[in-house]
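See structure below.
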Number of protein chains: 2
Amino acid sequence: MREKPKPYHHGDLRNALIQAGLELLAESGASALDLRQVARRVGVSSAAPYRHFADRQALIATIVEEGYYRLARHIQSALQQASDEAFDQLNAVARTYVHFAQDNPWLVREMFSGLTIEHETYPDLHQATKAVYHLYVEIIQRGQEHGQVIAGDPRALASVLWSMLHGIATLTIEHQMRPYTDGPEGIDRIALFSMQILYDGVGRKERDP
Amino acid sequence: MREKPKPYHHGDLRNALIQAGLELLAESGASALDLRQVARRVGVSSAAPYRHFADRQALIATIVEEGYYRLARHIQSALQQASDEAFDQLNAVARTYVHFAQDNPWLVREMFSGLTIEHETYPDLHQATKAVYHLYVEIIQRGQEHGQVIAGDPRALASVLWSMLHGIATLTIEHQMRPYTDGPEGIDRIALFSMQILYDGVGRKERDP
DNA sequence: ACCTGAACACCGTTCAAGT
DNA sequence: ACCTGAACACCGTTCAAGT
């Protein structure tokens, strides 16, 4: 079934490299994400990728960028199935975030390692992270409009939400959330619990008489 | 785990390698954390480190472990200067966490990358992270005893606190918290703000008459 | 314009041999 | 017992030459 037409020109090498990199990352972790191996899998020479990416970092940045866009898509589709209650939406996002991390641990680790984000050498990547961040800002704003979320700069509140999501996803991947993540609905439980805390706080409120 | 005090090239190569690794990491980032370069800086051959560490990962795990112990010490000393109010303590921890991350960005990135924690090949490292986690559990428990923190499994609540700290530290390092971190007290401001949210929640509470 | 082949510098790791 | 020197396999990157 598999033909091996090996034209001198690949045709879509750039996308093929991104795809192969994504696969290698998922299969064998970050150490497999090296240019020679990616080139090998695609069936081109080790030098070929340099026609499409400045260096290894640039390929990784593009792969991570793709990761952020995928995450954004997942979140958007989860939000469409949630009610317009702020808490419900927070919950949907948290569940999506943690599941995405669990399903793509190596990709998310690469996304969160941030080595590339630091240098603003990759504007497209920066754009992709902003797209996700913007979804949080919108949730907060809608919640404020409906009187469900406290007043305050939506971007500041969104940053705190982002921090929380970032943290629970990371700790879940690293298996630091056990035993709360065990069992069939464990991952959902920790997401729900975290959002409940974020929503209501850990401080004990006075029961006024 | 103290050994003979002898920071000379001959007798204490193990500690010399850890120290050099810490320095290289701080100076030049993760890419500088390679065995040959560490060996070079200490003034031994490239093969010498293998007498003290199984491989490169083992050296990194030890360096990261040292990072967790340093962080634990910082937190402990901050807690001693805080009052016995739960909120005050949460705040002290958050400030310490974020400052530590800002002062040691590469070390913290390595600590959070978690590639090593996943494999429980490094029990000492696991131990070091537990030491930090335990400090959070204690804060939560004290807060509950004083009626300042809501009821619930202290370990679960501590995990949520940990997630929050993890997230704000990461986003601060990656400069995703701007513009809230700008200015002289910016870093403290974002820590305080985050803890206020964690304590009181983002949900709008009804003002009962 | 896009890709190959060979080359260079460098790293992780091993091992026989030195002290 | 601890360290050196040489060696092997492999990776990032470059560049002249091929299609």
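What you see is a predicted model; the values in this text were computed from it and never measured.
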Next on the checklist: Students often get this wrong, so: under 4.0 angstrom with heavy atoms, is A/Arg14 touching a base, only sugar-phosphate, or nothing?
Outcome noted: nothing

Checklist entry - Base, sugar-phosphate alone, or nothing: which one does B/Arg36 contact when heavy atoms must sit under 4.0 Å apart? => result base

Item to check | Rounded distance in Å - CD (A/Gln57) to C1' (D/dT13) | outcome: 14 Å

Checklist outcome for this item: From OH of B/Tyr50 across to C1' of D/dA1 the rounded distance in Å is 20 Å

Checklist entry - Applying a 3.5 Å limit to both distances, which nucleotide forms a Watson-Crick or G-U wobble pair with C/dA9? => result none

Checklist entry - A/Leu35 has an atom CG; how far is it from atom C1' of D/dT14, in whole Å? => result 13 Å

Item to check | Whole angstrom value for the distance that separates C1' of C/dC10 from CG of B/Leu33 | outcome: 16 Å

Checklist outcome for this item: 5'-most contact on DNA chain D (nearest-nucleotide basis), A/Ala54 vs A/Gln37, goes to A/Gln37

Checklist entry - A/Leu161 versus A/Val93: any side-chain heavy-atom pair under 4.5 Å? => result no

Checklist outcome for this item: Between A/Ala47 and B/Ser45, the residue closer to the 5' end of DNA chain D by nearest nucleotide is B/Ser45

Next on the checklist: Tell me if the CD atom of B/Glu138 is crowded by more than 12 foreign heavy atoms within 6.0 Å.
Outcome noted: yes

Next on the checklist: With a 3.5 Å distance limit and no angle check, can you tell me whether B/Tyr97 reaches the backbone of B/Ala169 through a side-chain donor-acceptor pair?
Outcome noted: no

Next on the checklist: For B/His74, run the ring pair (Phe, Tyr, Trp, His ring centres under 6.0 Å) check against B/Phe100, B/Tyr69, B/Tyr68 and tell me which one passes.
Outcome noted: B/Phe100

Next on the checklist: Please confirm whether the shortest side-chain N or O distance from A/Arg51 to OP1 or OP2 of C/dC3 is below 4.0 Å.
Outcome noted: no

Next on the checklist: Closer than 4.0 angstrom, basic N to acidic O: yes or no for A/Arg155 and A/Asp153?
Outcome noted: yes

Item to check | Separation of atom CZ in A/Arg40 from atom P in C/dT4, rounded to whole Å | outcome: 14 Å

Next on the checklist: Please name the nucleotide paired to C/dC3 by Watson-Crick or G-U wobble geometry with both distances under 3.5 Å, or report none.
Outcome noted: none

Item to check | Rounded distance (Å) that lies between atom P of D/dC11 and atom CZ of A/Arg41 | outcome: 14 Å

Checklist outcome for this item: Rounded to whole Å, CZ of A/Arg56 lies from C1' of C/dC11 at a distance of 13 Å

Next on the checklist: From CG of B/Leu17 over to P of C/dG12, roughly how many Å is that when rounded to an integer?
Outcome noted: 13 Å

Item to check | First encountered from the 5' end of DNA chain C, between B/Asp34 and A/His52 | outcome: A/His52

Checklist outcome for this item: pair_partner(D/dA17), Watson-Crick or wobble, both distances < 3.5 Å, evaluates to none

